[in-house]
Amino acid sequence: ELLSHLTLSKQHADQLAARGFEPGEIEGLGARTFDQAGRLMSKQLADLFPWWDQVPGMALKDGRPALCGWSGLLVPCKDAKGRIVGLRVRADSPDAPKYSWLSSARHGGPGPGSPLSYWPGSRSDFVRVTEGELKAAFAAGRTGIPTICAPGVSLFGSVPLVDLLLELQAQAVILAPDADFRTNPHVYRAIRNALSALQADSFKVMLEIWDGPAKGIDDALLSGVLIATITPEEFLTMTAPP
């Protein structure tokens, strides 16, 4: 209901275009601009839904229903059944966290947790796992490989991710970590642990890596850099822990 009343500003549409999204991809993303206009909908939403206080982002402030969250680009995150499991905000203000969830946890209400989100594709032989909702959406659209977004690399081999892979009936998984695994020991260790966890659950696992300045899989695809698909054994032998 909230999304149906919001629009996407030219500023945010231009931001998405600068990241390489085509007009049709931007429309399919379902992103919106969250600002004061969205907050003014608080009473309307509370009147429509008696259980409004159970919704992440809605809270009681100064005795009135209110929507909590930074102003910015709002990205709906969905599960494998297409249900919205969280609303991710890319804040406009440089003083705000770059990414946050629409949440009322700081005001005594619920938060969304750290949900995985799923971006469908045309292929069925692989499922990709990466970090970042916009990265996942871009990669799925450009390669046709269904892509799961994990809010953090530590969730790459988590129980919720394995459960989602089983729900998707995936047999093969491609991990596409950000390139900082080469320099960040915590990221490297998380990927190594994820490989062990996924292989223990009998998944065939591969990794996508690349050279150059591209940080994420979206940057690598947009720049046209060669993306190599390697085995876990190749990953462990070519990359010493930083």
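On a predicted model such as this, the values are computed, not experimentally measured, just so you know.
- For the atom pair CD1 of I191 and OG of S196, the computed distance is 12.0 Å after rounding to the nearest 0.5 Å.
- Proximity of D201 to L165: side-chain heavy atoms (C-beta onward) are nowhere separated by under 4.5 Å.
- Annotation: side chain of C77 is in contact with side chain of W101 (closest heavy-atom distance under 4.5 Å).
- Both V205 and V127 are members of a single hydrophobic cluster when ILVMFWY side chains are connected at heavy-atom separations under 4.5 Å.
- If you take CH2 on W210 and NZ on K215, they are separated by 11.0 Å, rounding to the nearest 0.5 Å.
- Interatomic distance, S42 OG to W52 CH2, rounded to the nearest 0.5 Å: 9.0 Å.
- Using a 4.5 Å heavy-atom threshold, the side chains of E133 and L29 count as separate.
- Within a 6.0 Å sphere centred on CD of Q169, heavy atoms belonging to other residues, nucleotides or ligands number 12 at most.
- Annotation: side chain of L67 is in contact with side chain of M58 (closest heavy-atom distance under 4.5 Å).
- There is a path of hydrophobic side-chain contacts, each under 4.5 Å, that joins L116 to L195.
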Decide yes or no on side-chain contact (heavy atoms from CB on, under 4.5 Å) for L161 and I148, but give the supporting numbers first.
CA-CA 8 Å; L161 186 133; I148 295 171; 4.3 Å; yes
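- Contact detail for A220 and I227: the closest heavy-atom pair is CB-CD1, 3.9 Å.
- Nearest heavy-atom pair, A59 versus C68, reported as atom, atom and distance to 0.1 Å: CB-SG, 3.8 Å.
- Applying the ring pair (Phe, Tyr, Trp, His ring centres under 6.0 Å) test to every pair with at least one member in residues 138-159, sequence neighbours left out, gives these pairs: F21-F138.
- R32 places a side-chain N or O within 3.5 Å of a backbone atom of L3 that can act as its donor or acceptor partner.
- Taking CD of Q11 as the reference point, atom CG of D35 lies at 10.0 Å (rounded to 0.5 Å).
- Nearest heavy atom pair, residue I217 against residue A176, reads CB-CB, 4.2 Å.
- In this structure, T33 contributes its side chain and S9 its backbone to a donor-acceptor pair below 3.5 Å.
- S104 contributes no side-chain N or O that, together with a main-chain N or O of H107, makes up a donor-acceptor pair within less than 3.5 Å.
- Linking Ile, Leu, Val, Met, Phe, Trp and Tyr whenever their side-chain heavy atoms come within less than 4.5 Å puts F235 and L175 in one cluster.
- Comment: K204 does not engage D125 in a salt bridge, judged by the lack of any side-chain N to carboxylate O separation of less than 4.0 angstrom.
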Please report the C-alpha distance between D219 and L222 in whole Å, then the side-chain angles of each, then the deciding distance to 0.1 Å, and finally whether the side-chain contact (heavy atoms from CB on, under 4.5 Å) criterion is met.
CA-CA 5 Å; D219 297 327; L222 189 60; 5.6 Å; no
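- Side-chain contact check for P76 versus V85: every heavy-atom pair is 4.5 Å or farther apart.
- Both Y118 and L198 belong to a common hydrophobic cluster when Ile, Leu, Val, Met, Phe, Trp and Tyr are linked at side-chain heavy-atom distances under 4.5 angstrom.
- Of all non-hydrogen atoms in L168 and A80, the two that sit nearest each other are CD2-CB, 3.8 Å.
- S71 and R39 form a side-chain donor-acceptor contact under 3.5 Å, judged by distance and modelled atom types alone.
- Checked by atom type and distance alone, the side chain of E234 pairs as donor or acceptor with a backbone atom of T231 at under 3.5 Å.
- Taking 4.5 Å as the limit, every side-chain heavy atom of V75 sits out of range of all side-chain heavy atoms of R90.
- The local environment of CD in E167 is crowded, with over 12 non-hydrogen atoms from other residues, nucleotides or ligands closer than 6.0 Å.
- Note that the CG atom of L87 and the CG atom of L74 stand 5.0 Å from one another [nearest 0.5 Å].
- When each of T229, I230, T143 is tested with E208 by the rule side chain to side chain contact (heavy atoms under 4.5 Å, CB included), just one qualifies, namely T229.
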Between F34 and D92, does the side-chain contact (heavy atoms from CB on, under 4.5 Å) criterion hold? Intermediate values first, please.
CA-CA 10 Å; F34 183 66; D92 292 334; over 6 Å; no
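- No chain of hydrophobic side-chain contacts below 4.5 Å, direct or via other Ile, Leu, Val, Met, Phe, Trp or Tyr residues, connects L207 to F126.
- The two residues F203 and A170 make their nearest non-hydrogen contact at CE2-O, 3.2 Å.
- Look at E25 and R142 and you find a salt bridge, because one of the NZ, NE, NH1 or NH2 atoms lies within 4.0 Å of a carboxylate O, short of that distance.
- R19 contributes atom CZ, which lies 4.5 Å from atom CG of L134 (distance to the nearest 0.5 angstrom).
- No donor-acceptor pair under 3.5 Å is formed between the side chain of S103 and the backbone N or O of P56.
- You'll find the side chain of D180 reaches within 4.5 Å of the side chain of T183, heavy atoms only.
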Please determine whether side-chain contact (heavy atoms from CB on, under 4.5 Å) holds for the pair E1 and L45, giving the CA-CA distance in whole Å, both sets of side-chain angles, and the decisive distance to 0.1 Å.
CA-CA 8 Å; E1 182 69 17; L45 292 170; 3.7 Å; yes
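- No salt bridge links K81 with D79; every basic N to acidic carboxylate O contact stays at or beyond 4.0 Å.
- Contact detail for G157 and A197: the closest heavy-atom pair is O-CB, 3.6 Å.
- Side-chain N/O atoms of R88 and S117 include no donor and acceptor closer than 3.5 Å.
- By the 6.0 Å contact criterion, CD on Q199 is enclosed, its count of non-hydrogen atoms from other residues, nucleotides or ligands being greater than 12.
- Within the 4.5 Å cutoff, the side chain of L8 has heavy atoms near those of the L16 side chain.
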